[in-house]
Structure formats: C-alpha cells, structure tokens
Amino acid sequence: MLSNKRIQELELVMEFEKVEECFKEVSSWIENVGRKGLKGTVNLDDSLEMLLQVQKQFKEFDLVASEYCKRGQEALKKMDRWEDFSSVDVHSYRVKLQTYRDQLEEFCTQLDETRHRISETVRLYEFFDKVRRGICCTEEGVKS
C-alpha cells in the first residue's frame, strides 16, 4: 500500500510539472496585464459617452481575461486529486498549487466585481441621462 501511495504521489508530481506551465503563463498574465487592466477601470469618467467607451474597452479586456481565468480553473481542476495527499514530499507542490488557486480566485473575483460595477454605473448614468432629458423637455414645455 505504501508503495502504491508513493507511486501515486510521484505521478501527481509529474502531472503537476506538466500543468505548472499553464499556471505560470496564467499567473504571469494576471500580474503583468490583468491587474493593470483592472486598475484602468478604477476611476470612471463623468460623462455617459466616456463611460460607454470605458465599458467597450473593458469588454474587450474581459474576453481575454475570462479566457485566462477559464484556463487557470481548468488547470486547477486537473489537480483536484492533490487534496487527498498529505505527505511531506508533496507539501511544497500543494503550497504552490494553493498560491496559484488564491491568485486566480482573487483576480477572477475582481474581474467579476469590475464587470458588475461598470455595468451598474452605465445603467445609472443612462437613467440620469433620461431624467435630465425629461427635465429639459418638461422645462421647454412649461416655457412654451
């Protein structure tokens, strides 16, 4: 049984090394591109036109970022079996795996929150724009 468990652990280590390239690529993209893209949406402009432009740019970024999130999640799913192993030999790999998981989850959550925030802000600006136009039309009608 110990021999079988050890062989399984070695197989997992070899599998981890194959999947680690994907983790490294996703992690590098998140750090070098993804976080900067999210920071670019922190301050939303004062006009509806500018906000719609930011939303359009974000949608393009979101497509790429969502693909990286999906790739990272698929790679993590391949490593789900690690939860069953607790030996000292695989501990360092589990730590790396948890680091990747934490980074990916944090980024994907921020991406979702940013998507929602931009969408809600656009809806709010559109509402205020309709109200403003309604008030202007009402004022013009009263003056006539």
Side-chain angles (χ1 to χ4, degrees), residues 1-140:
M1 283 178 53
L2 285 173
S3 175
N4 285 343
K5 187 163 178 97
R6 183 70 178 146
I7 289 171
Q8 288 177 331
E9 288 173 355
L10 290 172
E11 287 171 351
L12 281 174
V13 168
M14 289 177 4
E15 185 179 346
F16 180 85
E17 289 172 354
K18 290 178 188 173
V19 176
E20 188 174 27
E21 283 305 311
C22 179
F23 290 142
K24 286 181 179 179
E25 182 183 341
V26 169
S27 179
S28 176
W29 186 88
I30 288 172
E31 292 304 317
N32 298 321
V33 179
R35 295 204 191 281
K36 291 175 186 171
L38 289 178
K39 284 181 184 177
T41 63
V42 171
N43 296 322
L44 300 176
D45 285 311
D46 293 334
S47 71
L48 179 58
E49 295 78 22
M50 292 300 291
L51 184 57
L52 290 171
Q53 185 178 355
V54 168
Q55 184 183 38
K56 181 182 176 193
Q57 292 169 350
F58 179 77
K59 283 182 180 182
E60 294 169 7
F61 168 79
D62 189 26
L63 285 173
V64 175
S66 294
E67 184 60 33
Y68 275 96
C69 287
K70 182 180 173 186
R71 287 175 57 200
Q73 290 164 345
E74 287 171 357
L76 286 171
K77 189 174 263 187
K78 290 178 183 177
M79 303 309 310
D80 280 347
R81 298 184 312 157
W82 281 78
E83 301 303 320
D84 299 335
F85 292 91
S86 59
S87 82
V88 174
D89 294 335
V90 297
H91 179 72
S92 64
Y93 293 99
R94 289 182 71 192
V95 169
K96 283 183 182 179
L97 188 60
Q98 188 60 47
T99 300
Y100 289 130
R101 179 177 280 118
D102 292 346
Q103 180 193 38
L104 183 65
E105 286 177 4
E106 177 191 0
F107 178 78
C108 292
T109 299
Q110 288 176 347
L111 182 66
D112 289 341
E113 289 171 353
T114 301
R115 183 184 311 115
H116 180 74
R117 183 174 51 86
I118 290 174
S119 175
E120 290 300 307
T121 304
V122 166
R123 284 186 39 200
L124 186 62
Y125 272 62
E126 287 172 338
F127 172 76
F128 284 133
D129 193 52
K130 287 179 185 177
V131 169
R132 184 185 52 78
R133 281 188 270 140
I135 290 172
C136 291
C137 291
T138 303
E139 288 176 353
E140 287 177 13

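Computed from a prediction, not measured in an experiment: that's the story for all the values here.
Remark: Q110 CD to R115 CZ distance equals 12.5 Å, nearest 0.5 Å. Note that the CG atom of L104 and the CD1 atom of I30 stand 5.0 Å from one another [nearest 0.5 Å]. Annotation: the span from E74 atom CD to C22 atom SG amounts to 8.0 Å, rounded to 0.5 Å. For the atom pair NZ (K96) and CZ (F23), the distance works out to 11.0 Å, reported to the nearest 0.5 Å. Here the CG atom belonging to L12 is positioned 14.0 Å from the NZ atom belonging to K78, to the nearest 0.5 angstrom. The structure places CG of L10 at 13.0 Å from CD of E15, a figure rounded to the nearest 0.5 Å.
Using bins of under 30°, 30° to 60° and over 60° for the plane-to-plane angle, the ring pair F107/F61 lands in the perpendicular bin.
Shown here are the ring pair (Phe, Tyr, Trp, His ring centres under 6.0 Å) partners of Y125, two or more places apart in sequence or in another chain: there are none. Legend: residues meeting salt bridge (charged side-chain N to carboxylate O under 4.0 Å, His left out) with E106, ordered by chain and number and at least two apart, are R35. The side chain to side chain donor-acceptor pair (under 3.5 Å) check on D129 picks up R132, R133, with sequence neighbours excluded. The side-chain contact (heavy atoms from CB on, under 4.5 Å) test applied to Q57 returns Q53, not counting sequence neighbours. Listed by chain and residue number, L48, Q55, V122, E126 satisfy the side-chain contact (heavy atoms from CB on, under 4.5 Å) test with L52 (two or more places apart in sequence, or in another chain). Looking at residues two or more places apart in sequence or on another chain, you find no salt bridge (charged side-chain N to carboxylate O under 4.0 Å, His left out) involving E113. Remark: S27 engages Q103 in a side chain to side chain donor-acceptor pair (under 3.5 Å) (not counting sequence neighbours). Applying the salt bridge (charged side-chain N to carboxylate O under 4.0 Å, His left out) rule to R117 yields no partners; only residues at least two apart in sequence or on another chain are considered. For E21, there are no side chain to side chain donor-acceptor pair (under 3.5 Å) partners two or more places apart in sequence or in a different chain. Scored by the side chain to side chain donor-acceptor pair (under 3.5 Å) test, N32 finds S28 as partners (sequence neighbours excluded). Residues that satisfy the salt bridge (charged side-chain N to carboxylate O under 4.0 Å, His left out) test with K36, not counting sequence neighbours, are absent from this structure.
Inter-residue side-chain proximity for T121 and V54 is flagged as unmet; no heavy-atom pair is nearer than 4.5 Å.
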Enumerate donor-acceptor pairs with a distance under 3.5 Å from any side-chain N or O in residues 64-72 to protein atoms, sequence neighbours excluded.
| from | atom 1 | to | atom 2 | distance (Å) |
| --- | --- | --- | --- | --- |
| S66 | OG | D62 | O | 2.8 |
| S66 | OG | D62 | OD1 | 3.1 |
| R71 | NH1 | E25 | OE2 | 3.3 |
| R71 | NH2 | E25 | OE1 | 3.0 |
| R71 | NH2 | E25 | OE2 | 3.0 |

Worked verdict on E20 versus Y100 for side-chain contact (heavy atoms from CB on, under 4.5 Å): CA-CA 9 Å; E20 188 174 27; Y100 289 130; 3.7 Å; yes

